[in-house]
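The figures here come from the full heavy-atom set of this structure, side chains too, leaving out hydrogens, waters and symmetry mates. The chains referred to below are lettered A, B, ... by the order of the sequence lines, with proteins before strands, and numbering in each begins at 1. Predicted model only: the values in this text are computed from it and were never measured.
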Number of protein chains: 2
Amino acid sequence: MKPDLTVRQKQVLNFIRDRINHDRISPTIREVAGFFGFSSTGTVRDYLQVLSRKGYLKLNKNKARSLELINQEQGLAIVGMVACGKPQFAQEDIEGYLQPEEWFKASDDLFCLKAKGDSMAGAGIMEGDLLVVRRQSQAQNNEIVVALIGDEATVKFLRRHKDGKQGRDPKYFLEAANKKYSDIPVTEATSVIGRVISVIRKYV
Amino acid sequence: MKPDLTVRQKQVLNFIRDRINHDRISPTIREVAGFFGFSSTGTVRDYLQVLSRKGYLKLNKNKARSLELINQEQGLAIVGMVACGKPQFAQEDIEGYLQPEEWFKASDDLFCLKAKGDSMAGAGIMEGDLLVVRRQSQAQNNEIVVALIGDEATVKFLRRHKDGKQGRDPKYFLEAANKKYSDIPVTEATSVIGRVISVIRKYV
DNA sequence: GAATATACCACACATTTGTGTGGTAGTCAA
DNA sequence: TTGACTACCACACAAATGTGTGGTATATTC
């Protein structure tokens with residue numbers, strides 16, 4: 001664990017964290033001083049150095065507004081839900097931290113699809129869910145893919161035929177999680193355009 | 001729509017966007033100049049003003065490293081999946097943009113729970129899903145809540161008894177999405193500790 | 001042909017901002 | 001009681017950074 005902070009040091013760190021999280025722009029030394037009523041910039045600089053030494057902040061020499069949080073404890077604490085018992089909020093039971101910014105960087109090979117229909121309801125993909133998709137024309141067995149069947153786009157499991165049926169052609173087929181939809185062989189008319197890497201649902 | 005940008009203007013904007021998204025710190029005018037090989041800071045300033053006038057950037061007077069993207073087009077484009085037809089990647093069909101940073105700010109009244117069991121599978125909440133939960137002891141009818149049943153934490157729908165059964169006590173009960181679990185009345189031993197506002201699933 | 005926009009350069013200037021040196025006062029452990 | 005760490009102040013300085021004024025050349029539009 002990181003060294004403990006004093007009350008005052010925590011206050012300073014919290015102010016900086018708030019500013020970075022809310023305004024996306026690091027405060028300057030004088031802005032910190034202004035907030036706390038310090039009449040000297042040196043005071044703030046001393047705090048920054050302590051916070052840096054204790055591993056909570058990264059300072060960049062001679063760079064304006066360049067404070068960076070190196071707080072692994074950013075984001076939302078992920079607490080495990082034990083099958084029998086209340087969620088454990090104790091420090092030891094935190095499994096990790098959910099950091100929205102770190103889930104994925106926006107990039108050209110990612111896009112986001114809004115799910116329609118109930119063909120994947122059995123796999124927990126409901127109508128309206130947002131699917132983060134990586135563009136790729138290949139995928140592994142059992143992965144969830146976005147495929148173009150003729151002219152229609154669908155989300156399905158990509159499955160390989162059992163070994164016993166080797167030599168079969170095509171080797172892969174698309175399977176819905178909902179039994180009422182039938183399997184679809186992967187042929188020339190059926191192309192994988194991406195793989196679902198994440199599902200996001202928001203309740204209003 | 002926003003005014004169009006020239007090729008060069010786009011390049012400058014892209015550079016700034018990359019820097020902000022990757023380093024989290026806005027570049028200075030001179031850093032932009034350096035990247036493009038401009039020998040004058042005025043050149044960059046002119047670009048910034050154009051980008052600001054056209055509505056892509058926010059400039060803050062006399063503030064170092066304070067460029068802000070006011071690009072609604074940040075993040076991942078959300079394209080609608082038309083029931084019959086390929087996903088529409090055309091500009092007009094983009095329904096919005098997925099901005100991880102904007103989903104929610106880390107705050108004290110939010111936490112994240114890792115789902116266990118299959119009691120909510122019917123509502124698309126699978127084992128291992130991350131549930132973003134807002135701490136609250138009240139909730140509306142039909143919302144998905146985290147409740148403490150005696151000593152055990154569960155995720156369930158909060159339902160109100162039909163009007164016909166008015167006067168009944170308790171008024172609310174907890175219902176699993178999976179039929180094999182039975183309803184649980186909300187009593188003193190059963191307290192709501194939060195509401196599920198979002199579900200996130202990542203495939204490895 | 002004049003007006004407007006793009007795409008740059010040069011350079012001075014002022015402000016913002018981080019840094020350095022030195023000091024006061026209190027606490028707490030060795 | 002010496003040495004550390006905390007919690008501040010004062011002030012000077014230099015580096016980083018945004019801004020202002022003015023210029024050149026090439027398009028495009030009215």
Side-chain angles (χ1 to χ4, degrees), chain A residues 1-20 22-71, chain B residues 1-20 22-71:
Chain A
M1 271 315 266
K2 287 186 182 153
D4 284 340
L5 297 181
T6 65
V7 176
R8 207 66 171 138
Q9 287 164 3
K10 262 183 207 156
Q11 288 174 351
V12 173
L13 181 60
N14 283 338
F15 171 72
I16 294 168
R17 187 185 2 242
D18 279 4
R19 292 292 296 267
I20 291 180
H22 287 55
D23 306 349
R24 282 188 74 82
I25 296 172
S26 158
T28 64
I29 285 183
R30 280 169 182 84
E31 284 172 0
V32 177
F35 180 83
F36 287 98
F38 298 145
S39 62
S40 169
T41 56
T43 302
V44 178
R45 186 224 25 224
D46 290 348
Y47 276 113
L48 297 185
Q49 284 173 351
V50 172
L51 290 172
S52 167
R53 175 164 49 82
K54 293 193 177 176
Y56 290 84
L57 269 188
K58 185 181 167 211
L59 311 184
N60 292 285
K61 276 202 75 155
N62 293 328
K63 259 190 171 181
R65 298 178 180 279
S66 64
L67 299 176
E68 292 178 77
L69 299 166
I70 45 179
N71 232 351
Chain B
M1 270 317 262
K2 288 188 181 151
D4 285 338
L5 297 180
T6 66
V7 176
R8 207 66 172 138
Q9 288 164 1
K10 262 182 207 157
Q11 289 174 351
V12 173
L13 180 61
N14 284 338
F15 172 73
I16 294 168
R17 190 189 354 247
D18 280 3
R19 292 293 297 265
I20 291 180
H22 287 59
D23 305 349
R24 285 188 73 80
I25 296 172
S26 157
T28 63
I29 285 184
R30 281 171 182 82
E31 284 172 359
V32 178
F35 179 82
F36 288 98
F38 299 145
S39 60
S40 168
T41 57
T43 302
V44 178
R45 187 226 23 226
D46 291 348
Y47 276 113
L48 297 185
Q49 283 172 350
V50 172
L51 290 172
S52 166
R53 175 163 50 80
K54 293 192 177 177
Y56 290 85
L57 268 188
K58 185 178 167 216
L59 311 183
N60 291 285
K61 278 203 72 158
N62 292 329
K63 260 189 169 181
R65 298 179 179 278
S66 63
L67 299 176
E68 291 178 76
L69 298 166
I70 44 180
N71 231 352

Does A:Q49 make a side-chain N or O approach to OP1 or OP2 of C:dT19 shorter than 4.0 Å? no
Phosphate oxygens OP1/OP2 of D:dT6: is one of them under 4.0 Å from a side-chain N or O of A:K10? no
Mind checking the CD-CZ spacing from B:E68 to A:R24? Nearest 0.5 Å is all I need. 9.0 Å
Please figure out whether B:D46 or B:S66 has its closest DNA chain D nucleotide nearer the 5' end. B:S66
Search all heavy atoms of B:Q9 against all heavy atoms of B:V50 and return the closest pair with its distance. NE2-CG1, 3.4 Å
Phosphate OP1/OP2 of D:dC5: any A:Q9 side-chain N/O under 4.0 Å: no
Heavy-atom pair with the smallest gap, counting every atom of A:R65 and B:I25: O-CG2, 4.0 Å
Smallest separation among heavy atoms of B:P27 and B:L67, with atom names: O-CD1, 4.0 Å
Considering all heavy atoms of both residues, which atom of B:G55 and which atom of B:I70 are nearest to each other, and what is their separation? O-CG1, 3.5 Å
Only residue of B:L51, B:D18, B:L48 satisfying side chain to side chain contact (heavy atoms under 4.5 Å, CB included) with B:L13 is B:L51
Rounded distance in Å - CG (A:N62) to C1' (C:dT16): 13 Å
CZ/A:R17 to OH/A:Y56 distance, rounded to the nearest 0.5 angstrom? 9.5 Å
5' to 3', nucleotides 24-30 of chain D under a 4.0 Å protein heavy-atom cut-off (B base, S sugar-phosphate only, - none) gives -------
Report the distance from atom CZ of B:R65 to atom P of C:dT17, rounded to the nearest whole Å. 11 Å
With side chain to side chain donor-acceptor pair (under 3.5 Å) as the rule and sequence neighbours excluded, what pairs involving residues 34-50 of chain B come up? none
Sorted by chain and number, sequence neighbours left out, salt bridge (charged side-chain N to carboxylate O under 4.0 Å, His left out) with A:K10 holds for none
Using a cutoff of under 3.5 Å, can you pull out all pairs of nitrogen or oxygen atoms linking the protein to nucleotides 26-30 of chain C, with atom names and distances?
none

Send over the distance from B:L67 CG to D:dT17 C1', rounded to a whole Å. 11 Å
Between CG of B:L59 and P of D:dG18 the distance, given in whole Å, is 10 Å
Nearest heavy-atom approach of B:F36 to B:Q11 is CZ-O, 3.5 Å
Whole Å only: how far is the CG atom of A:L5 from the P atom of D:dC5? 15 Å
Separation of D:dG23 P from B:R45 CZ (nearest whole Å): 15 Å
For B:S66 and B:S26, work out which heavy atoms get closest and say how close. N-OG, 3.8 Å
Counting only side-chain N and O atoms of B:Y47, is one of them less than 4.0 Å from OP1 or OP2 of C:dC8? yes
Kindly compute the distance separating OG1 (A:T6) from CZ (A:R8), expressed to the nearest 0.5 Å. 9.0 Å
Here the distance between atom P of C:dA7 and atom CG of B:L13, to the nearest Å, is 13 Å
Separation between CG (A:L69) and CG (A:L57), nearest 0.5 Å, reads 6.0 Å
Of B:T6 and A:I29, the one whose closest nucleotide on DNA chain C sits nearer the 5' end is B:T6
How many whole angstroms separate atom CG of B:N60 from atom P of C:dT15? 18 Å
Assign the ring pair A:F35 / A:F15 to parallel, tilted or perpendicular, where the plane angle (0 to 90°) is split at 30° and 60°. parallel
Stem segments of DNA chain C by first residue number [Watson-Crick or G-U, under 3.5 Å, at least 3]: C:1-30 with D:1-30
Base, sugar-phosphate alone, or nothing: which one does A:R8 contact when heavy atoms must sit under 4.0 Å apart? sugar-phosphate
Between OG of A:S52 and CG of A:L59, what distance do you get to the nearest 0.5 Å? 4.0 Å
From the set D:dT19, D:dT6, C:dA7, return the single nucleotide nearest to any side-chain atom of A:R53. D:dT6
Kindly state which residues belonging to residues 32-43 of chain B come within less than 4.0 angstrom of DNA chain D, counting heavy atoms of the residue only, listed by number. B:T41
